[in-house]
Amino acid sequence: MDKKVRVRFAPSPTGPLHIGGVRTALFNYLFARQNGGSMILRIEDTDSNRFVPGAEEYINEALQWLGIGIDEGVCEGGNYGPYKQSERRDIYRKYVKQLLEDGKAYIAFDTPEELDAKRKEIANFQYDAKTRGMMRNSLTLPKEEVDRLIAAGEKYVVRILIEPDQEVKVNDLIRGEVTVNSSVVDDKVLYKSADDLPTYHLANIVDDHLMEVSHVIRGEEWLPSAPLHVLLYEAFGWKDSMPQFVHLPLLLKPDGKGKLSKRDGDRLGFPVFPLEWHDPVSGDISSGYRERGYLPQAVVNFLALLGWNPGTDQEIFSMDELIKEFSFEHCSKKGAKFDFEKGKWFNHEYLINMDDAALAEIFKPELAKHGVDASQFSDEYITRSVGMIKSRISFVGDIWDNAKFFFVAPTEYAPKDIKKRWKEDTPETMRRLIEVIKGIDDMTSANAEEIVLGWIKDNELHMGNVMNAFRLTVVGECKGPHMFDIAELMGKDEIIARIERGIENIKPVVE
RNA sequence: GGUGGUAUCGUCUAGUGGCCCAGGACGCUGGCCUCUCACGCCGGAAACCGGGGUUCGACUCCCCGUACCACUACCA
């Protein structure tokens with residue numbers, strides 16, 4: 001009885017894909033994969049005024065980066081194309097005509113100015129059964145006049161004819177049945193002759209029907225127009241094959257009120273776009289998760305948990321696990337405030353659990369960016385160094401800050417650590433330490449540690465002071481991995497050289 | 001203003017009438033570990049919007065109020 005699952009993600013190419021849109025795409029994808037269905041990418045470019053060059057390419061690249069696969073679309077092809085609405089004019093024209101002929105819609109000549117005037121004149125003005133009798137349309141004008149106006153090239157729109165006082169029921173998989181009285185839905189514009197294009201509402205219904213979409217999974221902002229869509233399916237006589245509706249809760253601002261917007265990212269300092277976006281008109285650059293050093297799996301995982309939960313305590317999910325566990329029953333009805341700190345934590349988790357060698361590959365370009373020739377170091381050396389520091393980073397970009405000492409000897413030493421750990425007698429102690437290290441044959445971490453610590457103990461030196469001064473000369477500051485692990489990896493010569501440089505360059509802070 | 005939706009720790013959330021004097025996670029915080037910074041481990045503070053019902057029993061069901069969100073374009 002159930003038809004094949006076919007879902008669509010239908011963005012408008014009016015700018016970069018917003019993170020909320022990404023979440024919608026993700027849920028569509030998860031549901032499609034879970035049910036062995038198809039994921040369609042449809043470009044809704046029915047507003048010629050808002051077209052932005054590059055936006056469509058951006059959408060494709062972003063979805064690809066995140067691993068949200070598309071089965072049918074402009075790039076992928078498919079049997080239900082074209083997948084770009086601006087290329088479907090002929091189709092829409094045919095269905096507009098059908099509606100007109102069936103008396104389900106009518107032609108209206110009211111100009112935007114006339115409508116504005118009416119809205120000012122009448123409180124809560126709405127183009128509907130109560131008001132259309134006083135407007136300029138094919139219901140009030142004689143047929144000859146209508147024909148004359150059209151022939152004269154007068155711009156017009158086609159509006160749906162809504163029967164008042166009908167109970168319209170929208171069945172939503174997350175919210176249950178929502179009932180609205182048709183008297184509050186207006187005679188929406190379905191088609192505008194000015195650009196020979198339908199509006200979203202008409203195009204959406206026609207395309208979903210023709211593309212045999214089984215589930216319309218979209219943001220909650222569409223819920224208020226869902227009754228109109230139901231009425232459109234009825235007007236076309238497609239009620240029986242109408243798709244199942246699912247309205248996802250919105251992504252909200254972290255602070256304050258309202259939907260998450262581009263501005264919030266700028267204001268609060270986190271990306272609201274998956275990829276960096278260069279606005280072709282304003283030249284503005286908006287930061288992206290990818291460029292910020294996020295792993296796509298972490299972004300996906302984080303987004304999935306915004307509005308959905310597994311019903312268990314598990315929080316880390318691979319895409320495959322999400323596909324397996326996802327369900328609308330466990331989707332929240334409530335909008336979710338976007339919490340950047342939690343997103344950061346997810347990335348940290350993914351970085352920590354990442355294979356050291358894989359992380360090293362990601363890090364190599366960063367090395368080059370900082371003027372380090374990666375070929376100077378063996379893969380093993382790079383791999384082991386990132387392995388040692390990965391527990392203290394949240395982003396790919398943090399690797400360099402934490403691991404640079406493995407590749408470049410410190411030239412500056414942290415003043416606050418000098419103050420705390422570099423005393424008058426420290427240089428002498430460090431000279432003695434060099435002698436001790438020179439005597440170590442096997443620099444393996446545990447062995448070197450035993451010898452050095454034994455020396456500290458036998459000479460009744462202060463463990464914290466000696467070790468931190470040692471660390472200061474090698475790392476440049478008092479932080480980082482276990483000292484003897486560092487020493488093992490860098491080798492005896494390099495360690496001794498660094499201690500010598502430290503003795504020469506570090507001057508005690510005199511107060 | 002109108003219509004619709006939603007309402008559990010600061011945030012994401014579990015909870016589908018008794019298992020809840022409400023569980024997990026992020027963040028915050030005390031401690032342990034320790035040569036440092038992290039990680040890790042052990043602890044802590046922190047919530048059922050208000051009022052009426054229904055019921056032997058409500059975080060859970062109903063109603064009212066309140067708050068918040070969305071929509072209210074020839075944009076999507």
Side-chain angles (χ1 to χ4, degrees), chain A residues 10-14 44-47 49-50 108 110-112 115-116 119 123-127 155-159 170 172 174-175 178-181 183-186 188-195 197-201 203-204 218-227 247 249-250 252 254-255 257-259 302 305-316 329-330 332-346 348 352 388-393 402 417 420-421 449 452-453 456 462-472 475 477-484:
Chain A
S12 279
T14 54
E44 307 225 328
D45 55 348
T46 53
D47 185 1
N49 299 321
R50 296 209 307 159
D110 317 276
T111 64
L115 290 169
D116 279 348
R119 289 188 184 106
N124 295 331
F125 173 81
Q126 161 172 298
Y127 212 119
K155 296 282 179 270
Y156 64 90
V157 298
V158 173
R159 288 180 180 272
V170 178
D172 185 283
I174 292 179
R175 288 152 215 284
V178 177
T179 306
V180 172
N181 189 296
S183 295
V184 303
V185 353
D186 61 334
K188 272 270 179 304
V189 171
L190 301 178
Y191 169 89
K192 41 229 158 102
S193 70
D195 54 6
L197 241 21
T199 60
Y200 167 85
H201 304 289
N204 175 68
R218 72 226 305 192
E220 188 185 347
E221 69 267 31
W222 293 109
L223 190 55
S225 50
H247 291 94
L250 264 16
L252 273 19
D255 61 349
K257 312 145 185 273
K259 272 201 285 193
F302 173 46
L305 272 292
L306 243 31
W308 171 83
N309 74 80
T312 67
D313 289 344
Q314 185 179 347
E315 296 212 82
I316 301 297
E329 278 192 14
H330 277 286
S332 171
K333 296 182 178 73
K334 190 174 75 164
K337 280 189 185 160
F338 194 83
D339 182 7
F340 185 61
E341 282 301 322
K342 187 97 184 214
K344 197 169 150 183
W345 175 78
F346 271 107
H348 170 79
I352 280 186
M388 274 188 233
I389 58 91
K390 69 178 182 181
S391 71
R392 59 208 85 213
I393 58 168
N402 287 277
D417 292 329
K420 189 172 180 196
R421 303 293 189 181
E449 177 170 8
V452 173
L453 263 34
I456 290 173
H462 187 283
M463 168 89 95
N465 287 344
V466 175
M467 287 304 298
N468 281 295
F470 177 25
R471 176 179 293 280
L472 198 49
V475 179
E477 54 187 322
C478 291
K479 61 181 239 192
H482 193 66
M483 254 334 280
F484 298 100

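A note on names: the letters A, B, ... follow the listed sequences, proteins ahead of strands, and every chain is numbered from 1.
- The partner of B:A67, taking Watson-Crick or G-U wobble pairs whose two distances both stay under 3.5 Å, is B:U6.
- Across all strands shown, B:C28 forms a Watson-Crick or G-U wobble pair, both distances under 3.5 Å, with B:G44.
- Distances from the side chain of A:Glu44 to the nucleotides B:C69, B:A76, B:A25 place B:A76 closest.
- Checked against A:Glu220 for a salt bridge (Lys or Arg N to Asp or Glu O under 4.0 Å), the options A:Lys334, A:Lys333, A:Arg175 give a single hit: A:Arg175.
- Spacing between atom CZ of A:Arg421 and atom P of B:U36 amounts to 7 Å, rounded to whole angstrom units.
- A:Leu252 CG to A:Leu306 CG: the interatomic distance, rounded to the nearest 0.5 Å, is 10.0 Å.
- Counting to the nearest Å, the P atom of B:A76 and the CG atom of A:Asp47 are 5 Å from each other.
- Across B:A25, B:C35, B:C74, the shortest atom-to-atom separation from the side chain of A:Asn468 is found for B:C35.
- As a whole-Å value, the separation of A:Glu221 CD from B:U72 C1' is 14 Å.
- At the heavy-atom level, A:Asp110 lies under 4.0 Å from base atoms of the strands shown.
- Look at B:A22: it lacks any Watson-Crick or wobble partner with both distances under 3.5 angstrom.
- B:G51 and B:A58 are spaced 15 Å apart, taking the C1' atom of each and rounding to whole Å.
- The distance between atom CG of A:Leu197 and atom P of B:C74, rounded to the nearest whole Å, is 15 Å.
- Distances from the side chain of A:Met483 to the nucleotides B:C74, B:A76, B:C35 place B:C35 closest.
- Atom name C1', nucleotides B:A38 and B:C21: the rounded distance is 38 Å, in whole Å.
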Per-nucleotide protein contact string for nucleotides 3-15 of chain B (B base, S sugar-phosphate only, - none; heavy atom under 4.0 Å): SSSSSS--SSSSS
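- Between A:Arg50 and B:A76 there is no side-chain N or O to OP1 or OP2 distance below 4.0 Å.
- Between A:Lys390 and B:A38, a side-chain N or O to OP1/OP2 separation shorter than 4.0 Å is absent.
- Distance check on atom P: B:U36 versus B:C32 gives 12 Å, rounded to whole Å.
- Ion pairing of A:Arg119 with A:Asp116 is present here, as a side-chain N (NZ or NE/NH1/NH2) and a carboxylate O approach within less than 4.0 Å.
- At a cut-off of 3.5 Å, with distance as the only test, a side-chain donor of A:Glu449 or A:His482 sits close to an acceptor on the other residue.
- Within 4.0 Å of A:Thr46, counting heavy atoms only, lie sugar-phosphate atoms of the nucleic acid but no base atom.
- With hydrogens and angles left out, the side chain of A:Ser391 and the base of B:A38 share a donor-acceptor pair within 3.5 Å.
- Taking the six-membered ring where the residue is Trp, A:Tyr191 and A:Tyr156 present tilted rings, their angle falling between 30° and 60°.
- B:A76 atom P lies 14 Å from atom NZ of A:Lys259, rounded to whole Å.
- Nucleotide B:U60 has no partner under the Watson-Crick or G-U criteria, as no pair reaches both atom distances under 3.5 Å.
- B:C48 and B:G23 have their P atoms separated by 13 Å, given to the nearest Å.
- Atom NE2 of A:His348 is separated from atom C1' of B:G27 by 14 Å (rounded to the nearest Å).
- A salt bridge links A:Glu315 to A:Lys342: at least one charged side-chain nitrogen sits closer than 4.0 Å to a carboxylate oxygen.
- When the C1' atom is compared between B:A22 and B:U60, the two are found 12 Å apart, to the nearest whole Å.
- For B:G1, the paired nucleotide is B:U72, the pair qualifying as Watson-Crick or G-U wobble because both relevant distances are below 3.5 Å.
- A gap of 36 Å separates the P atoms of B:G24 and B:C64, to the nearest Å.
- Distance A:Lys344 NZ to B:C39 C1': 15 Å, rounded to the nearest Å.
- Note: NZ (A:Lys192) to P (B:C74) measures 10 Å, nearest angstrom.
- Salt-bridge annotation for A:Arg50 and A:Asp47: present, with a side-chain N of the basic residue lying under 4.0 Å from a carboxylate O of the acidic one.
- Using a 4.0 Å heavy-atom criterion, one finds that A:Pro481 contacts the bases of the nucleic acid, with or without backbone contacts as well.
- Counting non-hydrogen atoms of neighbouring residues, nucleotides and ligands closer than 6.0 angstrom, the NZ atom of A:Lys192 exceeds 12 such neighbours.
- Aromatic ring centres of A:Trp345 and A:Phe340: separated by at least 6.0 Å.
- Residue A:Arg119 places no side-chain N or O under 4.0 Å from the OP1 or OP2 atom of B:G2.
- Comparing the C1' positions of B:A47 and B:C12 gives a spacing of 13 Å, expressed to the nearest Å.
- A:Phe338 and A:Phe302 have perpendicular rings, their planes meeting at more than 60° on a 0 to 90° scale where under 30° would count as parallel.
- For B:C62 and B:U3, the C1' atoms lie 22 Å apart once the distance is rounded to whole Å.
- Within 4.0 Å of A:Val189, counting heavy atoms only, lie sugar-phosphate atoms of the nucleic acid but no base atom.
- If A:Lys155 and A:His482 are placed on RNA chain B by their nearest nucleotide, the residue sitting closer to the 5' end is A:His482.
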